[in-house]
Structures are given as C-alpha cells and as structure tokens.
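First up is the structure itself, then whatever we jot down about it.
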Amino acid sequence: MPHRYQKQDRLRKRPEYLELSEEGQRLFSRYFIVVYAAGKHSVSRLGITVTKKIGPAVLRNRLKRVCREYFRFHRDELGAVVDINIIARRAAAQAANDELTKSLEKLFSQIE
C-alpha cells in the first residue's frame, strides 16, 4: 500500500508547525497558503491548518480530506523530502473539490 497516510507522514506537534513557519517558504493561491521547508525526517510530511473562521466542522473536515488525499497520491512527485503545511483560506469553503485539487496541483508544482 504505497499511498498510505500514517502518523510518520504528519506534522503533529506545535513546535514542528512553529519551526516550519519560521524557516519555511510560502506559496499563495486563491484557496490555500502553502508553507514548506526541507524535511529533517526520512519522508515528506504534511500538516493542515483549517481554522474555525472557515466554517462548520463538516466543511473544515472536507477541506482537510481533499488536502490529505492530494498529498497521499502526489508526494512522490515532490522529488525531495519536504515538510508542508497547507493553510486553507476562506474562499476554499465555497470551492468545489476539483477546483481545490487544481489549486493544490499548481502549488505543489512550485515547491522546489
């Protein structure tokens, strides 16, 4: 099962998010902000930030599902090991899943 999303594939602790936000580079799109930096572990890791300002839990969970799903199937295309934090913007709440996927595709292609 090459497309699993396990604990080792996630940013889990607050210090990891803070370190990434200090060291990382930022990419912007209409729906997401991506903060990324070279990873210090053996695999690329993903963190997702969706605040309550975005909407109710159902909507926040949908956005997180879309991000996780895209990462699972496209992390091999990144080339290097990177830590990524995807921050959802308010416009993402009204977007369709295919629009969100296209936005993530564009952002991931810009990651060096």
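All values below come from the heavy atoms of this structure, side chains included, with hydrogens, waters and symmetry mates left out. Note that the coordinates shown come from a computational prediction; the quantities given were computed from them, not determined experimentally.
- Taking each heavy atom of Ser103 and Tyr31 in turn, the nearest pair found is CB-CD1, 3.8 Å.
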(request) Let me see the working for Arg12 and Lys7 under side chain to side chain contact (heavy atoms under 4.5 Å, CB included), right down to the final yes or no. (result) CA-CA 8 Å; Arg12 295 181 19 197; Lys7 278 188 178 182; 3.3 Å; yes

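- Inter-residue side-chain proximity for Phe32 and Leu104 is flagged as met; some heavy-atom pair is nearer than 4.5 Å.
- Using a 4.0 Å cut-off between a side-chain N of Lys or Arg and a carboxylate O of Asp or Glu, Asp9 and Arg72 do not qualify as a salt bridge.
- Rounded to the nearest 0.5 angstrom, Phe71 CZ and Arg10 CZ are separated by 11.0 Å.
- Expressed to the nearest 0.5 Å, how far CD of Glu77 lies from CD of Glu105 amounts to 8.0 Å.
- Using a 4.5 Å cut-off between side-chain heavy atoms of Ile, Leu, Val, Met, Phe, Trp and Tyr, with links allowed through other members, Leu63 and Val35 fall into different hydrophobic clusters.
- Ile54 has its side chain within reach of Arg90: a pair of non-hydrogen atoms, C-beta onward, lies under 4.5 Å apart.
- Ile48 approaches Tyr17 most closely through the heavy-atom pair N-OH, 3.6 Å.
- Side-chain contact between Arg26 and Val34: absent, with no pair of heavy atoms (C-beta onward) separated by less than 4.5 Å.
- In this structure, Ile84 and Leu11 approach most closely via the heavy-atom pair O-CD1, 3.6 Å.
- To the nearest 0.5 angstrom, Gln110 atom CD is 8.0 Å from Tyr36 atom OH.
- Of all non-hydrogen atoms in Ala95 and Arg62, the two that sit nearest each other are O-NH2, 3.2 Å.
- In this structure, CG in Leu20 is found 8.5 Å from CZ in Arg45, a value given to the nearest 0.5 Å.
- At a threshold of 4.5 Å between non-hydrogen side-chain atoms, the residues Ile111 and Leu27 count as touching.
- Listed for the Arg60 side chain is a donor-acceptor partner under 3.5 Å among the backbone atoms of Gly55.
- Distance check, rounded to the nearest 0.5 Å: CD1 of Ile86 to OH of Tyr70 gives 9.5 Å.
- Looking only at distances, a side-chain donor or acceptor of Ser44 sits under 3.5 Å from a matching main-chain atom of Val82.
- Residues Lys40 and Glu23 are paired through a salt bridge, judged by an N-O separation under 4.0 Å between the basic side chain and the carboxylate.
- The backbone N or O of Glu16 lies less than 3.5 Å from no partner atom in the side chain of Glu19, so there is not a single donor-acceptor pair.
- Across all their heavy atoms, Cys67 and Leu46 have their closest contact at O-CD2, 4.1 Å.
- For the residue pair Thr49 and Asn85, a side-chain donor N or O sits within less than 3.5 Å of a side-chain acceptor on the partner.
- Leu100 CG to Arg65 CZ: the interatomic distance, rounded to the nearest 0.5 Å, is 12.0 Å.
- Taking both residues in full, the closest heavy atoms of His41 and Val81 are given as O-CG1, 3.3 Å, listed atom of the first, atom of the second, then distance.
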